[in-house]
Amino acid sequence: MIKRDNDTEEADEEYIGYEERNKLLWSLRSDFAWAGTKIPESVEIDGREYKLRDMIRELSEKESLDTDKAAEIRALIPKLNEKSKVDEELLETEELTKAEADALYEEATGLLRAAMELKDKLEGKGGEKSVDEFKRMLNTQKILDEKHFQNLIKSLK
């Protein structure tokens, strides 16, 4: 059956079921839910608008931060996480259409990603160095896993 535009609109207006809700919640609560998600252009928290994408781009371009800006970002990170938690609670408890649930999910994962990016920028992580560090950690873990496996094989003999 070929879906027409009005069929898609009707599907977006249908309320999500228990299974669909749990699938979104499980995905949101996974360790890397934010991976591949776009950072929201801006977000309003406590009556103040934060331009997240611009903020992260500026942090990437700067070599060092002044203490006021760093303190502002440190204060913003928990607020982003809290707003994401509120979205998660709404997703868990409210009766939502498919479109509303998808929008909440996207916002929550985008906020989580923004918080991670800001935290990494504050800690000086990001870019090529973080990729190399991740690869090094992965290789180290593979070696440790291999050693544990070899020891297990020896103990079974």
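Values reported hereafter were calculated over all heavy atoms of this structure, with side chains retained and with hydrogens, waters and symmetry mates removed. Nothing fancy with the numbering, it's 1 onward along the sequence.
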*Could you walk me through whether Lys38 and Glu106 pass side-chain contact (heavy atoms from CB on, under 4.5 Å), step by step?*
CA-CA 8 Å; Lys38 282 189 173 184; Glu106 288 299 316; over 6 Å; no
*Applying salt bridge (Lys or Arg N to Asp or Glu O under 4.0 Å), run through Arg53 and Glu41 and close with a yes or a no.*
CA-CA 5 Å; Arg53 284 191 198 165; Glu41 187 68 39; 3.1 Å; yes
_side-chain contact (heavy atoms from CB on, under 4.5 Å) between Leu112 and Leu28, worked out_ = CA-CA 10 Å; Leu112 288 172; Leu28 182 60; 4.1 Å; yes
_Assess the residue pair Tyr15 and Leu96 against the criterion (side-chain contact (heavy atoms from CB on, under 4.5 Å)); give the C-alpha distance rounded to whole Å, side-chain angles, the decisive distance to 0.1 Å, and a yes or no._
CA-CA 5 Å; Tyr15 289 98; Leu96 302 166; 5.5 Å; no
*Please report the C-alpha distance between Glu19 and Lys23 in whole Å, then the side-chain angles of each, then the deciding distance to 0.1 Å, and finally whether the salt bridge (Lys or Arg N to Asp or Glu O under 4.0 Å) criterion is met.*
CA-CA 6 Å; Glu19 246 180 67; Lys23 191 186 292 185; over 6 Å; no
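If you take CG on Leu122 and NZ on Lys119, they are separated by 10.0 Å, rounding to the nearest 0.5 Å. The OG atom of Ser42 sits 5.0 Å away from the NZ atom of Lys51 when rounded to the nearest 0.5 Å. A distance of 6.5 Å separates CD of Glu88 from CD of Glu92, quoted to the nearest 0.5 Å. Remark: Leu118 CG to Ile56 CD1 distance equals 4.5 Å, nearest 0.5 Å. Note that CG of Asp120 and CG of Leu59 are 11.0 Å apart. Values are rounded to the nearest 0.5 Å. Rounded to the nearest 0.5 Å, atoms CD (Glu94) and CD1 (Ile16) are 11.0 Å apart.
Between Lys83 and Val43, some side-chain heavy-atom pair lies under the 4.5 Å cut-off. Counting only heavy atoms from C-beta outward, the side chains of Lys79 and Tyr50 approach each other to under 4.5 Å.
Listed here is the closest heavy atom pair of Leu90 and Arg21: O-NH1, 4.4 Å. Residues Gly47 and Glu44 share a closest heavy-atom pair of CA-OE2, 3.7 Å. Taking both residues in full, the closest heavy atoms of Ala108 and Ser84 are given as O-OG, 3.2 Å, listed atom of the first, atom of the second, then distance.
Side chain of Thr109 to main chain of Tyr105: a donor-acceptor pair is present (N/O by atom type, distance under 3.5 Å, no hydrogens or angles). Between the Thr93 side chain and the Glu89 main chain, a donor and an acceptor come within less than 3.5 Å of each other. In this structure, the side chain of Ser27 does not engage the main chain of Leu24 through any donor-acceptor pair within 3.5 Å. Put simply, the side chain of Glu100 gets close to the backbone of Thr97: a donor and an acceptor are under 3.5 Å apart.
When each of Lys147, Lys142, Gln141, His148 is tested with Asp145 by the rule side-chain hydrogen bond (donor to acceptor under 3.5 Å, both in side chains), just one qualifies, namely Gln141. Between Leu111 and the options Asp87, Ile39, Val86, a side chain to side chain contact (heavy atoms under 4.5 Å, CB included) holds for only Asp87.
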